[in-house]
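Computed from a predicted structure; not experimentally measured. Along the sequence shown, the residues carry numbers beginning at 1.
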Amino acid sequence: MEAAWVFIRSGAVKLAEIQDSDLPEIHALMSRYWDRPMDFADATLASKAVAGFECCQPHGRHCRLGE
């Protein structure tokens, strides 16, 4: 657990805020996958990925999710 917190606090992880404008997409994903285990947190992550949320991989490699 401590190693995970060190990684997060290093700046390698960028946290994204959920805006009111994101809620329709999150709701749509939960409705679309109603028969699968997708809760609010899962749908939020999927929504950000679909939107092309930028992420940083280990060793400084960058990627864009949802492409």
Side-chain angles (χ1 to χ4, degrees):
M1 177 185 72
E2 291 304 317
W5 276 108
V6 169
F7 179 71
I8 291 167
R9 299 292 303 235
S10 74
V13 175
K14 181 179 176 184
L15 301 178
E17 292 183 29
I18 302 167
Q19 305 297 324
D20 284 341
S21 60
D22 295 324
L23 296 177
E25 175 66 19
I26 293 167
H27 184 201
L29 284 167
M30 291 177 73
S31 296
R32 180 176 182 184
Y33 298 106
W34 66 270
D35 60 339
R36 306 205 189 274
M38 178 179 278
D39 61 13
F40 183 78
D42 296 328
T44 300
L45 290 172
S47 172
K48 293 297 182 183
V50 169
F53 184 74
E54 291 186 3
C55 70
C56 179
Q57 295 180 338
H59 310 295
R61 294 177 290 161
H62 292 277
C63 67
R64 285 186 61 81
L65 299 173
E67 292 183 341

**Complete:** Between A46 and M38 the two heavy atoms that sit nearest each other are CB-CE, 4.4 Å

**Asked** So how far is it from M30 CE to L23 CG, rounded to the nearest 0.5 Å?
**Response** 11.0 Å

**Prompt:** With distance as the sole test, does T44 use its side chain to make a donor-acceptor pair with the main-chain N or O of F40 at under 3.5 Å?
**Reply:** yes

**Asked** Can you find a pair of side-chain heavy atoms, one from D22 and one from Q19, that are under 4.5 Å apart?
**Response** yes

**Asked** In Å and rounded to the nearest 0.5 Å, what is the NZ to CD distance from K48 to E25?
**Response** 10.5 Å

**Item:** Nearest non-hydrogen partners of D42 and P37, listed with the distance
**Value:** OD2-O, 3.5 Å

**Prompt:** Taking all atoms of both residues into account, what is the closest heavy-atom pair of L29 and S47, and its distance?
**Reply:** CD1-N, 3.6 Å

**N/O donor-acceptor pair under 3.5 Å between S10 side chain and F7 backbone** = yes

**Prompt:** Would you say D20 has more than 12 foreign heavy atoms packed within less than 6.0 Å of its CG?
**Reply:** no

**Asked** Does one hydrophobic cluster hold both L45 and Y33, with members joined at side-chain heavy-atom distances below 4.5 Å?
**Response** no

